[in-house]
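Here is the structure we will look at, set down as structure tokens.
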There are 2 protein chains.
Amino acid sequence: MTPDPLNRLVAQLAKLPGIGEKTAQRLAFHILRAPSEYAVDLSLAIREVKEKVHLCARCFSLTDTELCGFCRDSRRDERVLCVVETFADLMALERTREFKGRYHVLHGVLSPLEGIGPDQLRIRELLERLGDSKVEEIILATNPDVEGEATSLYLMRLLKPLGLRVSRIAQGLPMGGDLEYADQATLAKALSARREL
Amino acid sequence: MTPDPLNRLVAQLAKLPGIGEKTAQRLAFHILRAPSEYAVDLSLAIREVKEKVHLCARCFSLTDTELCGFCRDSRRDERVLCVVETFADLMALERTREFKGRYHVLHGVLSPLEGIGPDQLRIRELLERLGDSKVEEIILATNPDVEGEATSLYLMRLLKPLGLRVSRIAQGLPMGGDLEYADQATLAKALSARREL
């Protein structure tokens with residue numbers, strides 16, 4: 001009994017991650033009530049993001065130009081390259097304002113169970129890129145989980161023989177964390193990776 | 001440093017209710033990764049819902065035809081009219097499959113503090129509609145909160161003199177509820193509205 005265009009919108013919204021039927025309905029009602037300009041702007045933004053945003057030809061982050069802002073910015077240090085799983089991880093690192101080097105986005109992690117091997121990631125492109133670059137250190141910033149660790153280990157073995165400095169982001173207790181509630185693996189890592197003061 | 005079309009999409013998505021910056025970003029990445037057809041379908045669904053869905057000329061529910069499906073369906077009982085605050089409330093009632101009459105959507109509740117008086121709701125249209133109709137009973141199904149109660153009381157005083165049967169949906173403990181955890185107001189209502197068996 002509900003109008004078809006409304007049903008169609010709810011169905012499309014419900015395909016988004018973390019958006020169930022109920023939330024999709026609430027969002028659809030909101031769009032219906034909002035000014036027409038909002039619907040036009042949102043609709044356009046969705047189409048444009050697909051039409052204009054693509055992978056950077058060098059580092060595979062997201063961009064709407066050939067090379068992304070990170071690769072074009074000459075103030076960023078070309079000697080340090082940070083390897084991340086996803087663009088979202090890259091953005092998280094950017095938010096720290098601590099890293100001023102370049103990036104390389106793998107677009108995934110090694111996961112034999114899901115059929116994702118080195119060929120499915122941007123690893124070949126990483127090696128090609130290193131060929132004629134000024135990179136001296138590679139920071140492996142994959143997630144500290146099983147797949148991320150395996151991917152970092154794989155890359156470390158691949159990159160070390162090229163004479164590069166290879167480092168891994170530190171693992172330990174998070175800031176504001178609590179020893180009492182820390183999981184065993186994290187606490188063990190914090191112990192074994194202790195730093196002399 | 002993130003591409004403009006992506007920033008624009010995140011900004012538009014973050015305007016949706018219950019969607020913060022982080023969620024908007026996750027949704028934008030999902031749309032970027034999804035097949036192009038999805039972005040086109042979603043984009044189109046958003047525009048169409050604004051272009052095609054409007055209020056039913058009689059009951060003010062949502063429809064993409066002149067009269068909505070509820071008003072056009074001759075199998076529905078014209079003698080019973082259920083008054084609700086919003087189309088979402090109407091849908092909730094429909095899901096019960098218990099009500100087979102007609103509806104009237106007020107599009108809000110009386111709320112002097114927010115400057116919403118009888119003229120801001122579809123109350124005049126309700127009275128006009130009753131003029132030459134077969135309606136015998138009006139069920140007031142506004143929410144059981146302060147504004148909903150006030151609106152029902154207001155409508156009751158308006159409709160009773162017209163010689164109509166006016167009823168209010170029942171209030172009491174929800175099914176599966178627990179006396180121990182029920183709030184005082186609900187429990188008091190459940191007591192005072194007790195039914196002889």
Side-chain angles (χ1 to χ4, degrees), chain A residues 1-13 15-19 22-23 25-54 56 61-65 68-70 72-73 76 86-88 90-91 94 103 107, chain B residues 1-13 15-19 22-23 25-54 56 61-65 68-70 72-73 76 86-88 90-91 94 103 107:
Chain A
M1 279 292 196
T2 50
D4 275 342
L6 184 61
N7 292 336
R8 277 198 294 272
L9 179 57
V10 171
Q12 295 298 337
L13 289 171
K15 288 179 188 169
L16 291 169
I19 307 284
K22 263 281 171 80
T23 309
Q25 223 169 65
R26 214 183 57 234
L27 296 180
F29 285 141
H30 177 89
I31 292 169
L32 252 176
R33 272 195 309 266
S36 280
E37 298 86 64
Y38 175 65
V40 170
D41 289 349
L42 176 59
S43 166
L44 198 71
I46 290 168
R47 293 187 80 123
E48 282 206 338
V49 92
K50 285 300 279 188
E51 282 162 14
K52 297 193 177 163
V53 176
H54 50 83
C56 169
S61 74
L62 299 175
T63 179
D64 55 347
T65 49
C68 73
F70 305 108
R72 277 185 288 129
D73 186 352
R76 294 191 77 108
T86 64
F87 186 70
L90 180 159
M91 282 174 70
E94 275 302 295
Y103 288 102
H107 288 279
Chain B
M1 278 294 196
T2 50
D4 276 341
L6 185 61
N7 292 337
R8 278 198 294 271
L9 178 56
V10 171
Q12 295 299 336
L13 288 171
K15 287 180 187 168
L16 291 168
I19 306 284
K22 264 280 170 80
T23 309
Q25 223 169 64
R26 215 183 58 234
L27 297 180
F29 285 140
H30 177 89
I31 291 169
L32 253 175
R33 273 194 310 265
S36 279
E37 298 86 65
Y38 175 66
V40 171
D41 288 350
L42 177 59
S43 165
L44 198 70
I46 290 169
R47 293 186 80 123
E48 283 206 336
V49 91
K50 286 299 280 187
E51 282 162 14
K52 296 193 178 161
V53 176
H54 50 85
C56 167
S61 74
L62 298 175
T63 177
D64 55 346
T65 49
C68 72
F70 305 108
R72 277 184 289 128
D73 185 351
R76 295 191 76 109
T86 64
F87 186 70
L90 181 159
M91 283 174 70
E94 275 302 293
Y103 287 102
H107 288 279

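Every chain is numbered from 1, with letters handed out A, B, ... down the list of sequences.
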Please give me the minimum heavy-atom distance between [X] and [Y], naming the atom from each residue.
X	Y	answer
B:Leu6	A:Val49	CA-CG2, 3.7 Å
B:Leu62	A:Pro3	O-CD, 3.4 Å
A:Pro17	B:Leu27	O-CD2, 3.6 Å
B:Pro5	A:Asp64	CD-OD2, 3.2 Å

With a 4.5 angstrom heavy-atom cut-off, which part of A:Gln25 approaches chain B: side chain, backbone, both or neither?
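Side chain of A:Gln25 only, per the 4.5 Å heavy-atom cut-off to chain B.
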
Below 4.5 Å, heavy-atom pairs only: which of A:His30, A:Lys50, A:Lys15, A:Arg26 has the largest tally toward chain B?
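It is A:Lys50.
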
With a cut-off of 3.5 Å and sequence neighbours excluded, list every side-chain donor-acceptor pair involving residues 33-47 of chain B.
from	atom 1	to	atom 2	distance (Å)
B:Tyr38	OH	A:Gln12	O	2.6
B:Ser43	OG	A:Ser43	O	3.1
B:Ser43	OG	A:Ser43	OG	2.8

Using non-hydrogen atoms and a 4.5 Å limit, figure out which bit of [X] sits close to chain A: side chain, backbone, both or neither.
X	value
B:Leu13	both
B:Phe29	side chain
B:Asp4	both
B:Glu48	both

Who pairs with A:Asn7 by side-chain hydrogen bond (donor to acceptor under 3.5 Å, both in side chains), at least two apart in sequence or on another chain?
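side-chain hydrogen bond (donor to acceptor under 3.5 Å, both in side chains) check on A:Asn7 returns A:Thr2.
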
Apply side-chain contact (heavy atoms from CB on, under 4.5 Å) to A:Val53 and B:Leu9, showing your working.
CA-CA 11 Å; A:Val53 176; B:Leu9 178 56; over 6 Å; no

